[in-house]
Amino acid sequence: MEIAGIMVATAVVGGVGLFVGLFLGVAAIKFKVDVDEKEEAVLGVLPGNNCGGCGYAGCSGLAAAIAKGEAAVNACPVGGEKVGKLIAEIMGVEAGDSVRQAAFVQCKGDCDNTTLDYEYYGIEDCRMLSFVPNGGAKSCNYGCLGFGSCVKACPFDAVHIVNGVAVVDKEKCKACGKCIAACPKNLITLVPYEAKHMVACSSRDKGPVTMKACQVGCIGCQLCKKNCPADAIVIEDFNATIDYEKCTGCGLCKEKCPKKAII
């Protein structure tokens, strides 16, 4: 009787195991997901930071898009030109030219150059300052708040607060765009890594208003524009912007700026 019971139990367990094995085998065939070899190869050369700077949900999302021809082979800002060329070889296409970029904070309004409307004591998060009077203690409503939301967002330790203003280390910057998304004042932009001169001010106030708030703010005087031999500077809303496709790096704009807003 005991032997019979053991044999029955063994048969039942074996039958269940066989059924489960067959079920899993059929399911694996039916629900098999074909893996694109190129997608896997592209994913293998991407840096794996999953920063989202390419506009896709991590490196796997970008790899899938490149394999489908929906994204450029040099779309990874972190990998840059080197990774772009490797992916181009995998995809059998030309990498094309790519310009290395770096983030730049358009503000020089540090603790020495700006005035304060009041002393702020509270949560040190730039995004929280939208709930306080004038959007922050600094008199300039366009300036860097200096509480480091961009610093916290940067996965490469490329942004630091120096004397109340965020500063980007372009050697560490991978142009992922995380700091740009984190800045509530929209002060951070991407500029060519090789750019020699940048306008370090985002104020849109008229000159007299800007001068009361900051010693180094752009006042829209147009001297930089008038003296630029390459016609590379545009003045809009009392603020200068450099067209880097035209800029030759001569430095006349910096030399002529009376407020030293161009660095």
Side-chain angles (χ1 to χ4, degrees), residues 32-106 149-160 166-183 186-200 230-234 241-251 253-254 262-263:
K32 179 182 178 181
V33 177
D34 293 326
V35 178
D36 188 321
E37 292 184 0
K38 286 188 176 180
E39 180 181 334
E40 289 292 305
V42 170
L43 183 59
V45 300
L46 287 172
N49 294 94
N50 294 310
C51 63
C54 57
Y56 292 88
C59 293
S60 59
L62 176 59
I66 292 175
K68 294 175 184 177
E70 297 173 355
V73 294
N74 57 1
C76 175
V78 177
E81 185 176 3
K82 180 180 178 181
V83 169
K85 288 182 177 179
L86 291 174
I87 295 176
E89 290 180 10
I90 294 169
M91 298 299 297
V93 298
E94 293 291 330
D97 295 330
S98 60
V99 177
R100 181 180 175 183
Q101 294 185 306
F104 174 69
V105 182
Q106 292 180 270
S149 292
C150 53
V151 175
K152 298 168 188 173
C154 179
F156 305 103
D157 190 36
V159 189
H160 299 93
V167 177
V168 177
D169 181 344
K170 73 174 187 177
E171 300 302 329
K172 291 184 178 181
C173 179
K174 303 298 181 182
C176 70
K178 291 280 189 177
C179 58
I180 295 174
C183 179
N186 299 314
L187 287 174
I188 309 176
T189 59
L190 291 178
V191 300
Y193 173 84
E194 300 292 343
K196 295 181 179 179
H197 301 93
M198 288 81 71
V199 180
D231 193 29
I233 299 180
V234 176
T241 301
I242 297 175
D243 182 341
Y244 291 106
E245 292 186 0
K246 294 181 179 179
C247 179
T248 61
C250 69
C253 57
K254 177 179 180 295
I262 300 178
I263 61 174

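Here, residue 1 is the first one in the sequence, and each next residue gets the next number. The basis for the numbers below is simple: all heavy atoms, side chains too, and nothing from hydrogens, waters or symmetry mates.
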Next on the checklist: To the nearest 0.5 Å, what is the distance between SG on Cys59 and CD1 on Ile66?
Outcome noted: 9.5 Å
Checklist entry - What closest approach, in Å, do Thr189 and Gln106 show between heavy atoms, and which atom pair accounts for it? => result CG2-OE1, 3.1 Å
Item to check | More than 12 heavy atoms from other groups under 6.0 Å of CD on Glu94 | outcome: no
Item to check | side-chain contact (heavy atoms from CB on, under 4.5 Å) between Ile242 and Val199, worked out | outcome: CA-CA 7 Å; Ile242 297 175; Val199 180; 3.9 Å; yes
Item to check | For Val191 against Phe104, the heavy-atom pair lying closest together | outcome: CG2-CB, 3.9 Å
Checklist entry - Do the side chains of Asn74 and Ile87 get nearer than 4.5 Å, heavy atoms only? => result no
Checklist outcome for this item: For Ala103, the side-chain contact (heavy atoms from CB on, under 4.5 Å) test, sequence neighbours excluded, returns Val168, Cys173, Cys179, Ile188, Leu190
Checklist entry - Looking at Ala75 and Pro77, what are the two nearest heavy atoms and their distance? => result O-CD, 3.1 Å
Checklist entry - Distance from Asn50 atom CG to Ser60 atom OG, nearest 0.5 Å? => result 6.5 Å
Checklist entry - Please walk me through it: do Lys170 and Tyr193 pass side-chain contact (heavy atoms from CB on, under 4.5 Å)? => result CA-CA 7 Å; Lys170 73 174 187 177; Tyr193 173 84; 3.8 Å; yes
Item to check | Pairing residues for Glu245 by the side-chain hydrogen bond (donor to acceptor under 3.5 Å, both in side chains) criterion, not counting sequence neighbours | outcome: none
Next on the checklist: Are the side chains of Pro192 and Arg100 in contact, using a 4.5 Å heavy-atom criterion?
Outcome noted: no
Checklist entry - Minimum heavy-atom separation for Ala182 to Ala153, with atom names? => result CB-CB, 3.7 Å
Checklist entry - Is the count of non-hydrogen atoms from other residues, nucleotides or ligands lying under 6.0 Å from Lys196 atom NZ greater than 12? => result no
Next on the checklist: Go through it in stages, so that I can follow the logic: the residues are Val73 and Met91, the test is side-chain contact (heavy atoms from CB on, under 4.5 Å), and I'd like the CA-CA distance, side-chain angles, deciding distance and then a yes or no.
Outcome noted: CA-CA 8 Å; Val73 294; Met91 298 299 297; 4.1 Å; yes
Checklist entry - Does a side-chain heavy-atom distance below 4.5 Å link Ser149 with Cys183? => result no
Next on the checklist: With a 4.5 Å cut-off on side-chain heavy atoms, are Val167 and Val105 touching?
Outcome noted: no
Checklist outcome for this item: Separation between CG (Asp243) and CG (Asp231), nearest 0.5 Å, reads 9.0 Å
Checklist entry - Would Val78 and Cys51 satisfy side-chain contact (heavy atoms from CB on, under 4.5 Å), going step by step from the backbone distance to the final call? => result CA-CA 9 Å; Val78 177; Cys51 63; 3.7 Å; yes
Checklist outcome for this item: What one should report as the nearest heavy-atom pair of Cys150 and Ala166 is SG-CB, 3.6 Å
Next on the checklist: Using the rule given for salt bridge (charged side-chain N to carboxylate O under 4.0 Å, His left out), can you reason through Lys85 versus Glu81, listing the C-alpha separation, both sets of side-chain angles and the distance that settles it, and then say yes or no?
Outcome noted: CA-CA 6 Å; Lys85 288 182 177 179; Glu81 185 176 3; 3.4 Å; yes
Item to check | Among His197, Gln101, Met198, the one residue meeting side-chain contact (heavy atoms from CB on, under 4.5 Å) with Tyr244 | outcome: Met198
Next on the checklist: Would you compute the distance between atom NZ of Lys172 and atom SG of Cys154 and round it to the nearest 0.5 angstrom?
Outcome noted: 9.0 Å
Item to check | Donor-acceptor side-chain pairing of Glu70 and Tyr56 below 3.5 angstrom | outcome: no
Item to check | Heavy-atom side-chain contact between Asp169 and Val159 under 4.5 Å | outcome: no
Next on the checklist: Distance check, rounded to the nearest 0.5 Å: Asn49 atom CG versus Cys176 atom SG?
Outcome noted: 8.5 Å
